[in-house]
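Chain A is the first sequence line, chain B the second, and so forth, proteins listed ahead of strands; every chain is numbered from 1. As a basis for the values below, the full set of heavy atoms in this structure was taken, side chains included, without hydrogen atoms, waters or symmetry mates. None of these values were measured; they are calculated from a predicted model.
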2 protein chains.
Amino acid sequence: MAEFDLNALDEVIHGKLRLGLMAFLSGVDHASFAELKAQTGASDGNLSVHLRKLEEAGYVLVEKSFIGRKPHTTAKLTAEGRKAWIDYLDQLKRLLGP
Amino acid sequence: MAEFDLNALDEVIHGKLRLGLMAFLSGVDHASFAELKAQTGASDGNLSVHLRKLEEAGYVLVEKSFIGRKPHTTAKLTAEGRKAWIDYLDQLKRLLGP
DNA sequence: TTCTGATACTTTATTTTTTAAAGTACTTGG
DNA sequence: CCAAGTACTTTAAAAAATAAAGTATCAGAA
């Protein structure tokens, strides 16, 4: 009964944009909204929405501050997020085979 | 401007269930509806829908025949599907890093 | 100084996907 | 024959992704 265990693939991470965000964030300490936007090519709206989902899942920590009067958002992986990322990668490898 | 090129990730393949189907089909010559269902754990409805999407994309060839009076469906990757699969894997590797 | 365009976001609405539910058709075991 | 199971498809409902519009600030040009 050795199934291809699809349910083990983390939904939250699997979405394309979020996958890109996680991949990028896994390689840096933190990143700004603008950096994430440039790296992933996402629209503002998309980025905002998906960043929030990752935040709600506890995978990224989003910090909002002001530079002068302009809002400035930075994101970084949480410990939980890093773990989820590693797990996701493991599952993917298993799924994709040898 | 070296972006994480998310758009290069094939939408059709990326969906979880279809990813599982492609992964499984890439390792066998062909498979029956029942085998695919067992391997992926998908419900009948889901499998039917996603199999059709893969078919519409030209990635799998679905053949329907009768064994006695019962319908029997088998699926196998097309050449195009195999290529798309390899491309997908390449893109994924690139995205996920080193 | 006032207008224009750009940055930095969020919220809401629209569309697309995914999943779940129900339905059809046939077969097999009791 | 009847109940239960296989093998699907179709339709409807839920969830997700994308796009559009809106708020607020800033920076440069007229």
Check whether any side-chain N or O of Asn46(A) sits under 4.0 Å from OP1 or OP2 of dT18(D), and answer yes or no. yes
Starting at atom CD of Glu56(A), determine the distance to atom P of dA16(D), rounded to an integer number of angstrom. 11 Å
Is Asp87(B) salt-bridged to Lys83(B), cutoff N-O under 4.0 Å? yes
Can you find a heavy atom in the side chain of Leu92(B) that is under 4.5 Å from one in the side chain of Leu96(A)? yes
Between Phe33(A) (CZ) and dT7(C) (P), how many Å, whole number? 13 Å
So, does Lys37(B) get its side chain near the phosphate of dC8(D), meaning an N or O under 4.0 Å from OP1 or OP2? no
Would you mind classifying the nucleic acid contact of Ser43(B) as base, sugar-phosphate or nothing, using non-hydrogen atoms under 4.0 angstrom? nothing
Assign each of His14(A) and Pro71(B) to its nearest nucleotide of DNA chain D by heavy atoms, then name whichever residue's nucleotide is nearer the 5' end. Pro71(B)
Contact between Phe24(B) and Leu19(B) at the side-chain level, heavy atoms closer than 4.5 Å - yes or no? no
With a 4.0 Å limit, can you tell me whether Lys64(A) has a side-chain N or O closer than that to the phosphate oxygens OP1/OP2 of dT10(C)? yes
To the side chain of Ser48(A), which of dT19(C), dC26(D), dT10(C) is closest? dT10(C)
Closest nucleotide of DNA chain D for Lys70(A) versus for Gly15(A): which of these residues is on the 5' side? Gly15(A)
Measure from CG on Asp10(A) to P on dA16(D) and round the result to the nearest Å. 12 Å
Salt-bridge contact Glu63(B)-Lys76(B) (side-chain N to carboxylate O under 4.0 Å): no
Can you tell me the distance, in whole Å, between the CG atom of Leu51(B) and the P atom of dC8(D)? 9 Å
Minimum heavy-atom separation for Leu47(A) and Leu17(A), please, with both atom names. N-CD2, 4.3 Å
Starting from C1' on dT19(C), measure out to CG on Leu17(B) and report it in whole angstrom. 10 Å
Side-chain contact check for Glu11(A): nearest option of dT11(C), dT19(C), dT9(D) is dT19(C)
Checking all strands, does Lys16(A) fall into the base, sugar-phosphate, or nothing category for heavy-atom contacts under 4.0 angstrom? nothing
In whole angstrom, what separates Leu54(A)'s CG from dA17(D)'s P? 10 Å
Please report the distance, rounded to the nearest Å, between CG in Leu47(A) and P in dC9(C). 9 Å
Within the structure, does a side-chain N or O atom of His50(A) lie under 4.0 Å from either OP1 or OP2 of dA17(D)? yes
To the nearest angstrom, the NZ-C1' distance between Lys53(B) and dT18(C) comes to 7 Å
Can you check whether Thr73(A) has a side-chain N or O nearer than 4.0 Å to OP1 or OP2 of dC9(C)? yes
Arg18(A) vs dA17(D): side-chain N/O to OP1/OP2 distance below 4.0 Å: yes
